[in-house]
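Reviewing the structure listed below.
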Amino acid sequence: MELFQELNEQQYKAVTHGEGPLLVLAGAGSGKTRVLTCRIAYLVEKKGVKPDEILAITFTNKAAREMKERVEHLLGGGIKGMWISTFHSACVRILRRYIHEIGYNNNFVIYDESDQLSITKDIIKQLNMDERYYPPKAVKAEIGRAKDSLIVPSDYYKMYRDDFRRSKIAEVYDLYQKRLQQNNALDFDDIINKTIELFTLKPHILEYYQKKFKYILVDEYQDTNKAQYLMVKMLSKGHRNLCVVGDDDQCIYEWRGANISNILDFEKDFKDAVVVKLEQNYRSTGNILECANSVIIHNRGRKEKRLWTRQGSGSKLRWYQAYNERDEARFIVSIIKEMVGEGRKYSDFAVLYRMNAQSRAIEDALVEMGVPYRIVGGLKFYDRKEIKDIIAYLRLLVNPQDDVSLKRIINVPKRGIGKATLDVVEKVAGDMSCSMFNVLLKEECQGALGTRAAGRVHDFAQTMLNLMAFKVSASLVELVEELLDKTGYIQMLESQRDKEGLDRMANVQEFISAVKEYEEINEDSTLEGFLENVSLVSDIDTLEEDYGSVVLMTVHSAKGLEFPVVFVSGMEEGLFPHARSIDDPAGLEEERRLCYVAFTRARQQLYVTSAHQRTVYGNTVYTTVSQFIKDIPDHLIEQIGDRDKEHIEDRGKGDNRIIKLSEVRKKDTAQDKPKFNPGGKVEHARFGIGTIVSVSGTGEDEELKVAFPKLGIKQFIVKYAPIKPVEQ
DNA sequence: TCCTTTGGAATTTTT
DNA sequence: TTCCAAAGGA
């Protein structure tokens with residue numbers, strides 16, 4: 001296989017490793033995906049391992065998909081039966097088959113974060129606990145932490161018997177698990193934990209998979225939590241052919257339960273493990289690596305390694321110290337425009353930030369200067385209210401035991417079923433230990449309600465029953481359309497004729513397209529399958545290689561990606577490193593790893609920016625430069641821009657790269673109507689549709705005053721391009 | 001039950 | 001600043 005010849009010595013060693021445990025410490029950009037895919041190909045081609053004897057685990061669907069494609073390419077097809085998937089999909093696959101053995105129904109639904117929160121909140125109320133002392137979010141996080149470490153409620157209680165607060169949380173945790181089971185639902189942690197439970201309680205099932213998977217490979221091993229670690233350990237016990245690949249310096253999810261000691265202690269755990277270090281970097285220039293190294297070197301708990309490259313050192317890191325976040329944003333965008341003028345594509349650039357909230361200023365500047373961009377993360381499509389509502393309806397159709405979904409939609413749209421009614425239904429359900437939907441169906445239980453409420457409840461139940469009947473013979477799209485109509489949901493959206501209503505409508509349409517697409521791609525498409533897909537897919541999974549746009553995202557989202565030019569913005573104490581981590585040594589180490597991840601995304605040019613003052617939550621604060629910038633030796637940095645020399649606040653305005661309103665008008669008058677007249681409508685990129693109050697100035701100085709009454713904006717001055725005329 | 005007002009909190013989020 | 005959820009009034 002000629003592809004193997006392109007491997008360096010270390011890579012080759014990892015790829016051709018025979019039997020037994022293998023740890024590959026793969027620095028950023030050192031070709032770890034290549035090693036993984038080649039190793040799989042090697043096993044099949046040279047070692048005669050059958051595809052269905054291989055289990056390869058990744059963290060994201062995107063990574064799984066890419067790995068699948070690459071392996072398929074290397075082998076020229078023939079990977080049928082190979083499991084290349086995320087932890088979660090692999091476990092769901094197992095559980096769909098066997099979970100009935102441990103007291104769930106195989107058609108379980110998957111609860112997301114907000115479902116978890118609403119259950120936690122419910123239980124806190126039910127136990128009459130004070131939400132001020134037990135903030136539901138904190139309690140949920142605490143429960144999550146316990147689950148990540150595989151601590152069951154009874155153990156949790158024993159551990160914290162003497163801690164009053166935690167014993168109360170133990171109670172919540174216990175009820176939380178019971179509630180999930182009653183609802184026939186699993187949360188993300190359960191997907192792993194219940195698989196382990198299944199393996200523990202039903203050894204013959206474990207044995208089956210142990211025998212089946214002769215070779216197990218795990219990517220991003222530094223981000224596994226205790227449960228995932230144990231699952232891998234259990235499965236690999238049969239053949240002990242476990243290959244894990246990861247980089248302790250890129251563990252950035254410790255706060256979510258990732259356990260960095262999994263990778264640090266691998267050799268203790270598997271005494272005969274072979275360790276291969278990949279330190280040659282194929283991605284970045286020497287200077288970029290030097291910068292990344294100079295930051296990460298301050299971490300104590302890490303495996304010694306140092307990235308190097310055969311590439312030249314490249315240009316220095318460029319650091320712009322802006323006046324404020326608007327100046328910072330304009331700087332970034334103007335550099336992008338400049339470099340695009342010199343022949344780069346927009347998709348060569350990524351702008352990274354620590355917090356989603358930072359995207360705002362950057363977006364404004366991009367819009368103002370007419371640069372196409374895409375945001376990854378933030379509010380996910382499937383997290384939008386209207387989409388979650390539809391999904392709740394669908395879930396209820398699949399799994400009538402799902403009280404959380406029922407409560408979400410029983411009064412959306414308004415059906416006159418309020419809190420009082422729901423409380424009664426919930427109480428009865430509790431007494432009879434059955435689901436709330438079941439209660440709605442029972443005549444005698446409706447006795448507990450007034451006639452009016454009983455009638456409304458009955459109507460709702462009947463609608464759902466009809467849909468369940470309809471579901472049997474209809475396609476998915478038909479079902480969704482019927483649902484939207486018969487529940488009155490679409491009518492509700494139609495009656496809301498403002499920008500928000502239109503947006504929602506558009507989202508619903510997009511949702512229907514997604515359903516359609518799912519149906520087309522999957523031959524044996526089922527509602528259950530679709531819902532599962534929805535639960536397990538994220539935004540980053542759909543990031544296409546070349547979108548012709550600049551990409552904006554958090555540093556977390558950028559892990560695993562690379563771009564020719566990267567901007568890391570907001571390099572300030574309190575922001576990056578974040579204030580929440582700054583006092584805690586472990587937290588600071590994680591921030592440092594995050595910074596390392598950010599820097600190593602860049603292939604050719606890395607920019608960092610900081611602002612002297614920044615408006616955070618409405619008030620403006622003066623900032624200090626990030627310690628991470630100070631970690632970088634002077635000879636690697638080139639500082640550009642200086643607040644003493646420039647008056648910065650409105651620097652962008654005199655900049656001829658900004659599209660003037662007059663130019664917009666010129667374009668539109670080509671179709672002969674002057675569009676900017678008082679009373680006319682325009683659409684603003686952020687504020688939506690507004691009415692022109694007045695037009696003043698001419699040529700270069702033209703400006704509009706626009707009112708956006710919906711937003712309470714009486715006059716907004718628009719001088720540059722984030723606006724376009726709207727046909728009346 | 002529904003609508004408006006008010007107050008408090010506000011990282012990161014592969015699944 | 002901006003978002004959300006709880007509380008209070010109609």
Side-chain angles (χ1 to χ4, degrees), chain A residues 57-64 85-92 110-114 116-118 121 125 131-132 135-138 141 144 148 186-193 219-220 222-225 227-228 250-258 325 352-358 360-361 376-380 382-383 385 411 413-422 450 452-453 456 532-541 543 553-561 570 574-582 587 590-591 593-595 597-598 614-620 711-712:
Chain A
I57 295 175
T58 62
F59 269 83
T60 65
N61 297 297
K62 186 166 174 254
S85 71
T86 62
F87 267 106
H88 294 264
S89 341
C91 288
V92 166
I110 298 167
Y111 277 175
D112 65 16
E113 303 273 329
S114 65
Q116 294 176 34
L117 189 63
S118 71
K121 217 181 265 177
K125 267 189 201 138
E131 287 195 27
R132 278 173 317 186
K137 270 197 196 136
D148 285 333
L186 303 185
D187 62 19
F188 285 128
D189 293 322
D190 278 340
I191 292 176
I192 314 294
N193 296 4
D219 192 12
E220 307 279 17
Q222 76 280 357
D223 286 327
T224 49
N225 64 22
Q228 290 159 339
Q250 291 188 68
C251 172
I252 56 173
Y253 285 100
E254 224 167 15
W255 54 274
R256 241 184 113 291
E325 70 272 11
L352 308 184
Y353 35 77
R354 180 68 241 270
M355 283 196 295
N356 284 122
Q358 288 171 256
R360 187 63 179 269
V376 175
L379 185 60
K380 289 189 205 91
Y382 289 108
D383 280 346
K385 242 192 224 108
N411 202 32
K414 303 260 176 314
R415 299 187 176 93
I417 303 173
K419 191 172 177 308
T421 311
L422 261 185
R452 251 199 315 176
R456 290 162 174 169
E532 186 175 308
N533 202 14
V534 166
S535 309
L536 300 181
V537 162
S538 80
D539 204 23
I540 195 89
D541 291 331
L543 179 69
M553 65 187 130
T554 63
V555 180
H556 282 91
S557 304
K559 198 179 81 169
L561 305 176
L575 189 58
F576 198 3
H578 196 272
R580 292 269 181 121
S581 317
I582 223 160
E590 180 144 318
E591 295 288 315
R593 293 193 291 266
L594 201 51
C595 180
V597 168
R614 185 177 293 274
T615 305
V616 192
Y617 308 138
N619 44 353
T620 303
L711 301 162

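Numbers restart at 1 for each chain; the letters A, B, ... are given by sequence-line order, proteins then strands. Small disclaimer: the values here were computed from a predicted structure and weren't measured.
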[X] [atom1] to [N] [atom2]: how many Å, rounded?
X	N	atom1	atom2	answer
A/Glu131	B/dA9	CD	C1'	14 Å
A/Arg593	B/dT12	CZ	P	18 Å
A/Asn619	B/dA10	CG	P	15 Å
A/Lys121	B/dA9	NZ	P	14 Å
A/Glu254	B/dT11	CD	P	20 Å
A/Ile57	B/dT15	CD1	P	14 Å
A/Lys137	B/dA10	NZ	C1'	8 Å
A/Ile192	B/dT15	CD1	C1'	8 Å

Tell me which nucleotide among [options] gets nearest to the side chain of [X].
X	options	answer
A/Lys125	B/dT15, B/dT11, C/dA6	C/dA6
A/Thr421	C/dA5, B/dT13, B/dT1	B/dT1
A/Arg456	B/dT1, B/dT14, C/dT1	B/dT1
A/Ser581	B/dT13, B/dT11, C/dA5	B/dT11
A/Asn411	B/dT13, B/dT11, B/dC2	B/dC2
A/Arg256	C/dT2, B/dT12, B/dT14	B/dT14
A/Thr60	B/dT14, B/dT11, B/dC3	B/dT14
A/Glu591	B/dT11, B/dT13, B/dC2	B/dT11
A/Asn356	B/dT14, B/dT13, B/dT15	B/dT13
A/Phe59	B/dT14, B/dT1, B/dC3	B/dT14

Does the side chain of A/Thr58 get closer than 4.0 angstrom to OP1 or OP2 of B/dT14 through an N or O atom?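 No, no such contact exists.
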
Counting only side-chain N and O atoms of A/Ser557, is one of them less than 4.0 Å from OP1 or OP2 of B/dT13?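 Answer is yes, contact under 4.0 Å.
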
For a 4.5 angstrom cut-off between non-hydrogen side-chain atoms, does [X] reach [Y]?
X	Y	result
A/Met553	A/Leu561	yes
A/Tyr253	A/His556	yes
A/Phe59	A/Gln228	yes
A/Glu131	A/Lys121	yes
A/Arg415	A/Pro413	yes

5'-most contact on DNA chain B: A/Gly416 or A/His88, nearest heavy atom basis?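 Of the two residues, A/Gly416 wins.
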
First of A/Gly618 and A/Ala420 reached from the 5' end of DNA chain B, by closest nucleotide: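 Of the two residues, A/Ala420 wins.
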
Name of the residue among A/Ile57, A/Thr58, A/Ile191, A/Leu536 meeting side-chain contact (heavy atoms from CB on, under 4.5 Å) with A/Thr86: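 In the set A/Ile57, A/Thr58, A/Ile191, A/Leu536, the residue that makes a side-chain contact (heavy atoms from CB on, under 4.5 Å) with A/Thr86 is A/Thr58.
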
Under 5.5 Å centre to centre and under 30° between planes: does that hold for A/His578 and the six-membered base ring of B/dT11?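 Here A/His578 meets both the 5.5 Å and the 30° conditions.
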
Does the ring of A/Tyr253 lie flat against the base of B/dT12, closer than 5.5 Å centre to centre with planes under 30°?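 Stack criterion not met.
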
For B/dT11, does the O4'-C1'-N9-C4 or O4'-C1'-N1-C2 angle fall within 90° of 0, making it syn, or is it anti?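 Nucleotide B/dT11 adopts syn.
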
Select base, sugar-phosphate, or nothing to describe what A/Glu220 touches, counting heavy atoms under 4.0 Å on all strands.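 Contact class for A/Glu220: none.
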
